[in-house]
Structure formats: structure tokens, C-alpha cells
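Bear in mind that the values here come from a model prediction, so they are computed numbers and not experimental data. Hydrogens, waters and symmetry mates play no part in the numbers below; they use all other heavy atoms, side chains included.
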Amino acid sequence: MNAITAPKSPSLNRLEGMTLTALLQAMPTYAAAAMLLKLAGSAQIVSPPRGAVIFVVIASFFHALIVPWLAPKYPKLFKASYEPLFFDASLSFSEKVLRWRTQPMASLQLLTSTVMLSLLAVAMLSAG
């Protein structure tokens, strides 16, 4: 017996895509930027402990709003920060993540983010 799934609403699909964009692509980038700013002594943006969190959350939110809108218009400019798979309405949330993780560029992006955040964390601990 084949089960027929109900089609996903466009707003739910857009929300899923923006959530995945913010969590998997934008947040590591802006977290690294906040750590670099803190390491460089730019106290205005990240000086209070909550300042870095607010910076990362707001920057990730705007990234998730703007990039899906601009990336289809300028694909060469946004090829590293936009994943069309996140906005595929035929896939469930977990299938989007699973398919993204199996791509070679996604693996490279995750590895790069992990190494960069680890090195910045060690630098911050040794500087502080």
C-alpha cells in the first residue's frame, strides 16, 4: 500500500529553508566573525557577553532572509552561502539535512567551520 503525503505549504518550506540556512551556513560564519572581533579587541560589538550572541543571532537571521532572495538572481556571487536543496518542497526537513551532508562541498564547509571555530576558541582561551 503506497502512502500519499500531503504537499508541504510554501510558507513551511520557506521557513525550513531559512532555518537550515541560518543554522548550518550563517551561524558558523558569524560566530567566527564574532570571535575574531573579540580577539582583535573590537569591544563595541561583542564586549558584553550577550553582545556576541545578539550579533550572531541578528546577522544569521538577516543572512537567512536576504540570501535566499538574492542567490537565484546572482548565483555566482552566492554559490557558497546558498543551498537550493534547503528549499526543495518535495523533501522533509531531515531529508534536506541528510542530502546536504552527503555533498562534497557541504562536507568541506562543515570541516572548515569546525577547524576555524576550534582554532579561534583556542586563540581566545590563550589570549584571555
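With respect to Phe86, the side chain to side chain contact (heavy atoms under 4.5 Å, CB included) criterion is satisfied by exactly one of Leu20, Leu91, Thr19: Leu20.
For the pair Pro72 and Val67, the tightest heavy-atom approach, listed with the atom from each and the gap, is CD-O, 4.3 Å. Counting all heavy atoms, side chain and backbone alike, Ser92 lies closest to Glu95 at N-OE1, 3.0 Å. Residues Ser60 and Ala22 approach most closely at O-CB, 3.9 Å, considering heavy atoms. Residues Ser107 and Arg101 approach most closely at OG-O, 3.4 Å, considering heavy atoms.
Atom CD in Gln25 sits 6.0 Å away from atom CH2 in Trp100 (nearest 0.5 Å). Considering NZ of Lys8 and CG of Leu15, their distance stands at 10.5 Å, rounded to 0.5 Å.
Both Ile54 and Phe61 belong to a single network of hydrophobic side chains, linked directly or stepwise wherever heavy atoms of I, L, V, M, F, W or Y lie under 4.5 Å apart. Side-chain heavy atoms closer than 4.5 Å link hydrophobic residues (I, L, V, M, F, W, Y) into clusters, and following such links, even through other members, never connects Leu85 to Met105. Tracing side-chain contacts under 4.5 Å through hydrophobic residues (I, L, V, M, F, W, Y), one reaches Leu24 starting from Ile58; they form part of the same cluster. Linking Ile, Leu, Val, Met, Phe, Trp and Tyr residues whenever their side-chain heavy atoms come within less than 4.5 Å places Trp69 and Leu77 in a single cluster. There is a path of hydrophobic side-chain contacts, each under 4.5 Å, that joins Ile66 to Phe78.
Using a distance-only test at 3.5 Å, with no hydrogens or angles considered, a donor-acceptor pair links the side chain of Thr102 to the main chain of Arg99.
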Quick one: do Met35 and Leu39 satisfy side-chain contact (heavy atoms from CB on, under 4.5 Å)? Show the steps, please.
-> CA-CA 6 Å; Met35 291 175 102; Leu39 204 58; over 6 Å; no

For side-chain contact (heavy atoms from CB on, under 4.5 Å), just list the numbers for Met18 and Leu65, CA-CA rounded to whole Å, side-chain angles, deciding distance to a tenth of an Å, and then say yes or no.
-> CA-CA 7 Å; Met18 289 170 44; Leu65 283 177; 3.1 Å; yes

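Aromatic ring centroids of Tyr82 and Tyr74 lie 6.0 Å or more apart.
Looking at heavy atoms from C-beta onward, Lys96 lies out of side-chain contact with Phe87 at the 4.5 angstrom threshold. In this structure the side chain of Glu83 never reaches within 4.5 angstrom of the side chain of Thr21, judged on heavy atoms.
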